[in-house]
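Read through the structure below, which is laid out as structure tokens, and then see the notes.
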Amino acid sequence: MSDDKGEGVAIANLIGTDGCSIVGWVYRWTTGAHAVMWDVHGPQPVSETRPDLTTEQKLEIDFDGLKQIGRDEGG
């Protein structure tokens with residue numbers, strides 16, 4: 001994708017709970033907004049981003065929520 005055409009640019013990999021699998025990507029759009037795109041397996045729990053994101057970027061993509069995907073909340 002090309003940032004000069006109003007598209008997103010991948011700025012970080014989302015790393016799975018095994019510590020090495022890439023389960024998705026964080027994109028920055030020309031508007032300054034950030035979004036998550038998952039791999040073909042869909043949403044999965046995330047352990048970290050590489051490279052690390054700023055606190056503000058993590059809040060925007062709800063990084064804490066990404067770490068909780070698929071966890072049973074006692075139901």
Tell me the closest heavy-atom pair linking Ile15 and Val23, and the distance in Å. C-CG2, 4.3 Å
The criterion is side-chain hydrogen bond (donor to acceptor under 3.5 Å, both in side chains); which residues satisfy it with Asp62, sequence neighbours excluded? none
Considering non-hydrogen atoms only, spot the tightest contact between Leu14 and Trp38 and give its length. CD1-CZ3, 4.0 Å
Ion pair present between Asp64 and Lys58, side-chain N to carboxylate O less than 4.0 angstrom? no
Return yes if some donor-acceptor pair links the side-chain N/O of Gln68 with the main-chain N/O of Gly65 below 3.5 Å, else return no. no
Assigning hydrophobic clusters by single linkage (Ile, Leu, Val, Met, Phe, Trp, Tyr; side-chain heavy-atom cutoff under 4.5 Å), is Ile61 placed with Met37? no
Any link between Phe63 and Leu53 through a network of hydrophobic side chains (Ile, Leu, Val, Met, Phe, Trp, Tyr) touching at under 4.5 Å? yes
Check: Pro45 main-chain N/O paired with Thr17 side-chain donor or acceptor under 3.5 Å: no
Going from NE2 on His34 to CG on Leu59, what distance comes out if it is rounded to the nearest 0.5 angstrom? 12.0 Å
Find out if a path of hydrophobic residues (ILVMFWY) with successive side-chain heavy-atom gaps under 4.5 Å connects Ile22 to Val36. no
Once you round to the nearest 0.5 Å, how far does SG of Cys20 lie from CZ of Arg50? 7.5 Å
If you look only at pairs with a residue in residues 12-24, which of them pass as a salt bridge (Lys or Arg N to Asp or Glu O under 4.0 Å), with sequence neighbours excluded? none
Minimum-distance pair of heavy atoms, taken over all atoms of Ala12 and Pro51: CB-O, 3.6 Å
Identify the heavy atoms of Ser47 and Gly16 that sit nearest to each other, and give their distance. OG-O, 2.8 Å
Check: Val9 and Trp29 side chains under 4.5 Å, non-hydrogen atoms: no
Say whether Ile11 and Val46 are linked into one hydrophobic cluster, either directly or through other cluster members, by side-chain heavy-atom distances under 4.5 angstrom. yes
